[in-house]
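The figures that follow rest on heavy atoms only: side chains count, while hydrogens, waters and symmetry mates do not. As the structure is a computational prediction, the values presented were derived from the model and not from experiment.
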Amino acid sequence: MQRDSKAFIYFICSVSAMGGLLFGYDWVVIGGAKPFYELYFSIADSPLLQGVAMSTALVGCLIGAMVAGAAADKFGRKPLLTIAAVLFTASAIGTGLFNDFTLFNIARFVGGVGIGVASALSPMYIAEVSPTEIRGRMVSLNQMAIVLGILAAQIVNMLLARDTSVAESQAWNVEWGWRWMFWAETVPAALFLLMSFCIPESPVFLRLKGKVKSEKYPTEVPANETGAAANYSLFTILFSLKYRKVLLLGLVIAVFQQWCGTNVIFNYAQEIFTGAGYDVDGMFIDIVITGIANVLFTIVALYTIEKWGRRTLILIGAGGLGLIYLTLGTCYFLEVKGVMMVVLVVAAISVYAMTLGPVTWTLLAEIFPNRIRGVAMATCTFALWVGCCTLTFSFPSMNAALGSSGTFWIYSAICVCAFIFLFRRCPETKGKSLEQLERELVG
């Protein structure tokens, strides 16, 4: 395979996107395992310990995202992707292996660090090796991989969870079922680890370090960016007045992707669907339906992101979700049950999948200058996981205090506020080189 061919670009982008696939699987698999490991570890009546089990991976995400940028700027993008693969593999084995609740959480934390690293590095690496005319589509491959990972976790969970109405099957679920849900991740994690040795280093990193560019595939690397900011702290540069507006834009986009509320459907699917009148077995089927919709509309995003543009899609996402959540909250308030609730949830997932899901990662990978992209992506990814963590922590309390109706009305209000901000501040990046975007956004 020639390194100057598009086939080679698709190959290395697909390998990098495997970090996204594992990110999606690892992030969602715990939702299906939750009813069973809680019984195994005797924490079904302890909301505090349930919260710990659900959030240890998120804490790992924060740590991974925080160190990813500086490490990627120092050591390169490729080694960090390999490290993420190692962490995913170790976590997949350990989470299912350990019988101690503390060790279980340590293994989840390790996997979370892998998610944090991969979520920052995979889209950045793809953006740096992709030609302008297909960059949006290539970065969206990362989101496609994420949703495939989510769907894979949902299907694995459904297939492994035996009939909960039969005592023997429930006992198997509690003893072994949840373990195999985590162990199944070992296969793609090991494949990602092997394939990470087959991709080259990012040409942008090589240029920034003043190394000879050996890669022949197309990319834009501004000539005036040779050499890293040797005498300055990259964080100091990032938070300087010059970059303040673009940093604020990146932080708002990152946090909004989480605080739009869609991701609670994956993390708290049990509560949402049982609240809509479904039992545990029906819940698993409904979750897979949302996963299929997630994949199908991410495919739609692959074709629309270069035609409609990033700005149009993110505004559709903010406005569409605001309307859907207003309706969903009203249905909860009126105690609507059954299919109507599933339709609204699937609609929310579909809108998110073709807009905020892929567009967030594309914009974050595009709007920052080459010299600070690593630390900027890490900072925004850190903010994204702070948003995810606070969303995950706050949902049970908000749901208990305000009810599902009040909770989704708040998410609707957040979407409206974000729409107004993005309408005023978000630029169109479609069809523009990274160098051109730098001139337009920061001068």
Legend entry - Flag side-chain contact, heavy atom, 4.5 Å: L302 against P358: no

Inset, instruction - Could you give me the CA-CA distance, side-chain angles and deciding distance for T390 and W259, then say whether side chain to side chain donor-acceptor pair (under 3.5 Å) is met? - result: CA-CA 9 Å; T390 52; W259 269 98; 3.0 Å; yes

Inset, instruction - Using a cut-off of 6.0 Å, state whether more than 12 heavy atoms not belonging to W180 lie near its atom CH2. - result: no

Legend entry - Distance, nearest 0.5 Å, that separates NZ of K307 from OG1 of T312: 14.0 Å

Legend entry - T186 backbone acceptor or donor facing T89 side chain under 3.5 Å: no

Inset, instruction - State, yes or no, whether a side-chain contact exists between W385 and V59 at a heavy-atom distance under 4.5 Å. - result: no

Inset, instruction - Check R310, R311, E440 against T429 for a side-chain hydrogen bond (donor to acceptor under 3.5 Å, both in side chains) and give me the one that passes. - result: R310

Inset, instruction - Hey, could you give me the CG/CG distance between L328 and L323, rounded to the nearest 0.5 Å? - result: 11.0 Å

Legend entry - Given N157, T95, I30, the one that forms side-chain contact (heavy atoms from CB on, under 4.5 Å) with M181: N157

Inset, instruction - Mind listing the closest non-hydrogen atom pair of S405 and Y332 along with its distance? - result: N-CB, 3.7 Å

Legend entry - L87: partners by side-chain contact (heavy atoms from CB on, under 4.5 Å), with sequence neighbours left out: I83, V110, V113

Inset, instruction - Please check if the side chain of S394 supplies one atom and the backbone of L391 the other of a donor-acceptor pair under 3.5 Å. - result: yes

Legend entry - Residue pair L402 / W409, side-chain heavy-atom distance below 4.5 Å: no

Legend entry - Heavy-atom closest contact (K430 atom, W308 atom, distance): NZ-C, 4.5 Å

Inset, instruction - Carefully, step by step, assess Y10 and M138 under the rule side-chain contact (heavy atoms from CB on, under 4.5 Å). - result: CA-CA 8 Å; Y10 275 100; M138 289 295 96; 2.9 Å; yes

Legend entry - Heavy-atom pair with the smallest gap, counting every atom of E128 and S202: OE1-OG, 2.5 Å

Legend entry - Check: I12 and P200 side chains under 4.5 Å, non-hydrogen atoms: yes

Legend entry - Atom pair CD1/CD1 of I305 and I134 - distance to nearest 0.5 Å: 12.5 Å

Legend entry - T330 side chain vs L326 backbone, donor-acceptor pair below 3.5 Å: yes

Inset, instruction - Have a look at Y325 and tell me which of I410, L344, I414, T262 forms a side-chain contact (heavy atoms from CB on, under 4.5 Å) with it. - result: T262

Inset, instruction - Tell me, with the steps shown, if F11 and M195 meet side-chain contact (heavy atoms from CB on, under 4.5 Å). - result: CA-CA 10 Å; F11 168 73; M195 297 302 290; 3.4 Å; yes

Inset, instruction - May I ask you to say whether D26 pairs ionically with R108, meaning some side-chain N is under 4.0 Å from a carboxylate O? - result: yes

Legend entry - Distance-minimising heavy-atom pair for C415 and A318: CB-O, 3.4 Å

Legend entry - Note, V139 side chain near S130 side chain (heavy atom, < 4.5 Å): no

Legend entry - Atom pair CE (M18) and CG (L141), whose distance is rounded to the nearest 0.5 Å: 13.0 Å

Legend entry - Side chain S433, main chain Q436, donor-acceptor under 3.5 Å: yes

Inset, instruction - Classify the ring geometry between W361 and F23 as parallel (under 30°), tilted (30 to 60°) or perpendicular (over 60°). - result: perpendicular

Legend entry - Pairwise distance CD1(I150) to CG(N294) - rounded to 0.5 angstrom: 5.0 Å

Legend entry - S240 and Y243, any side-chain heavy atoms less than 4.5 Å apart: yes

Inset, instruction - Check step by step if side-chain contact (heavy atoms from CB on, under 4.5 Å) holds for T379 and M66. - result: CA-CA 7 Å; T379 301; M66 185 168 56; over 6 Å; no

Inset, instruction - Check the angle between the aromatic planes of F423 and F419 and answer parallel, tilted or perpendicular using the 30° and 60° thresholds. - result: parallel

Legend entry - Interatomic distance, Y352 atom OH to Q143 atom CD [nearest 0.5 angstrom]: 6.0 Å

Inset, instruction - For T82 and S196, work out which heavy atoms get closest and say how close. - result: OG1-OG, 3.1 Å

Inset, instruction - Evaluate the side-chain contact (heavy atoms from CB on, under 4.5 Å) criterion for residues S16 and L81: first the C-alpha distance (whole Å), next the side-chain angles of each, then the deciding distance (0.1 Å), finally the verdict. - result: CA-CA 7 Å; S16 179; L81 289 172; 3.9 Å; yes

Inset, instruction - Using atom types as modelled and distance alone, determine if a side-chain donor or acceptor of R373 lies under 3.5 Å from a backbone N or O of F368. - result: yes

Inset, instruction - Answer whether the closest heavy-atom distance between the side chains of M377 and P123 falls below 4.5 Å. - result: yes

Inset, instruction - Determine yes or no for a side-chain-to-main-chain donor-acceptor pair under 3.5 angstrom, with E306 supplying the side chain and G136 the backbone. - result: yes

Inset, instruction - Compare all side-chain heavy atoms of T298 with those of S140 and state whether any distance is below 4.5 angstrom. - result: no

Inset, instruction - Determine the minimum heavy-atom distance between I314 and L356, stating which atoms define it. - result: CG1-CD2, 3.4 Å

